[in-house]
Amino acid sequence: MNILIIEDFKNTGQIIKGILDANKYITQVIDSTNYQLILKQSRYSLIILDLHTKTTSENSLEILRDIKSKYPNIFLIGISSKATWNEKVEFLNSGADDVIDYPFPIQELIARIDSLKRRPKNISSKHLKLNDLEIDTELKTVTIRNKDIPLRKKEYSLLEYLVRNKNRIVSRMELLDH
């Protein structure tokens, strides 16, 4: 599982990275100013975001909403050492999958990540739409302006994957892995 840690305090980010690396996760730590560029370049299954991150233009709630609007299938855990229960509730209601107080036991963080991994990956729609292109993921059919487009299995799979990831760059290696 690839995990992105968005943390403006380098020490905290490195501690969490060390914990996750020791438990066989692939992690990257960045500050909040670079998150949009990094998300376009790489694929992550989980983001750990500090509730009190603040760039010059965005706070952590705005970052959370931006990530969830562009990448709804990425799990997101908020961490905080000083959040009130109101802030945690607002973070969860804004799209976070979980919130944990820092410092936390290593086992608790791993258990929360494992809990998220057990959730169904795609709770997404049976129909994908991109301009005039429509994909029925249940019937595995593609139409453009209500005209059926015959595709081979691999062509369909590639097209569906690209449409699902339309807001970011998909590398050749990622396509080969998929």
Side-chain angles (χ1 to χ4, degrees), residues 1-130 161 163-170 174:
M1 174 181 254
N2 288 343
I3 299 175
L4 178 64
I5 303 165
I6 303 174
E7 175 61 70
D8 289 338
F9 297 103
K10 289 183 181 177
N11 289 343
T12 304
Q14 290 304 318
I15 290 168
I16 295 169
K17 178 179 175 33
I19 291 167
L20 296 175
D21 287 349
N23 283 277
K24 310 273 189 269
Y25 290 103
I26 301 166
T27 60
Q28 181 178 1
V29 180
I30 62 166
D31 63 35
S32 58
T33 57
N34 299 326
Y35 81 92
Q36 291 175 332
L37 177 64
I38 298 298
L39 284 173
K40 284 183 182 175
Q41 294 175 347
S42 302
R43 183 175 181 200
Y44 296 95
S45 304
L46 171 70
I47 295 174
I48 297 176
L49 173 63
D50 185 350
L51 267 71
H52 293 98
T53 295
K54 182 163 177 57
T55 66
T56 53
S57 61
E58 293 180 293
N59 65 30
S60 59
L61 276 174
E62 292 166 329
I63 293 170
L64 165 66
R65 290 179 185 128
D66 181 47
I67 291 170
K68 282 302 197 171
S69 71
K70 292 177 182 167
Y71 310 98
N73 292 329
I74 295 179
F75 294 121
L76 197 139
I77 296 177
I79 59 167
S80 175
S81 62
K82 57 186 175 191
T84 65
W85 70 268
N86 284 330
E87 291 172 316
K88 292 177 194 176
V89 168
E90 185 176 12
F91 208 70
L92 289 166
N93 287 335
S94 294
D97 297 291
D98 201 353
V99 175
I100 186 171
D101 287 319
Y102 188 82
F104 42 76
I106 295 169
Q107 298 85 349
E108 182 179 0
L109 176 62
I110 301 303
R112 288 175 187 254
I113 292 171
D114 290 344
S115 172
L116 290 176
K117 285 178 9 186
R118 288 190 299 269
R119 290 185 187 173
K121 270 200 168 183
N122 284 332
I123 332 172
S124 58
S125 167
K126 292 187 266 182
H127 298 279
L128 300 174
K129 187 167 174 58
L130 180 65
Y161 190 77
V163 170
R164 285 190 187 276
N165 293 282
K166 65 185 174 202
N167 291 320
R168 63 182 191 83
I169 297 169
V170 179
E174 184 179 336

Sorted by first residue and then second, give each salt bridge (charged side-chain N to carboxylate O under 4.0 Å, His left out) pair with at least one member in residues 20-37; sequence neighbours left out.
K17-D21

Inter-residue atom distance I74.CD1 - L116.CG, 0.5 Å rounding
12.5 Å

So, does Q41 use its side chain to make a donor-acceptor pair with the main chain of I38 at under 3.5 Å?
no

From I113 CD1 over to D98 CG, what is the distance, rounded to the nearest 0.5 angstrom?
9.5 Å

Does D50 reach the side chain of Y102, with side-chain heavy atoms less than 4.5 Å apart?
no

Hey, what do you get for CG (L20) to CD (Q28), rounding to the nearest 0.5 Å?
13.0 Å

Compare every heavy atom of S32 with every heavy atom of I63, then report the nearest pair and how far apart it is.
CD1-CB, 3.9 Å

Under the criterion side chain to side chain contact (heavy atoms under 4.5 Å, CB included), which of L61, L4, I79, L76 is the partner of L49?
L76

If we ignore hydrogens and angles and just use 3.5 Å, is the side chain of D97 paired with the main-chain N or O of I77 as donor and acceptor?
no

Atom CG of N11: over 12 foreign heavy atoms under 6.0 Å:
no

Is there a side-chain contact between E7 and I48 (heavy atoms, below 4.5 Å)?
no

What's the separation between atom CZ in F75 and atom NZ in K68, rounded to the nearest 0.5 Å?
7.5 Å

Which heavy-atom pair separates N2 from R43 by the least distance, and what is that distance?
ND2-O, 3.2 Å

Side chains of L39 and K70 in contact at under 4.5 Å (non-hydrogen atoms)
no

Would you give the length of the straight line joining atom CD1 of I169 to atom OG of S42, rounded to the nearest 0.5 angstrom?
9.5 Å

Can you see which heavy atom on I5 is nearest to which on G13, and at what distance?
CD1-O, 4.1 Å

Counting C-beta onward and ignoring hydrogens, is there a side-chain heavy-atom pair between N23 and I106 closer than 4.5 Å?
yes

Heavy-atom nearest pair, S60 first then H52, reads OG-N, 4.1 Å

Check this for me: K10, atom NZ, are more than 12 non-hydrogen atoms of other residues, nucleotides or ligands nearer than 6.0 Å?
no

F104 atom CZ: more than 12 heavy-atom contacts under 6.0 Å:
yes

Write out all pairs satisfying salt bridge (charged side-chain N to carboxylate O under 4.0 Å, His left out) with one or both partners inside residues 79-89, taking only residues at least two apart or from two chains.
K88-D101

Is I47 close to Y35 at the side-chain level, that is, under 4.5 Å between some pair of heavy atoms?
no

Which distance, rounded to the nearest 0.5 Å, do you find between the OG of S45 and the OH of Y71?
14.0 Å

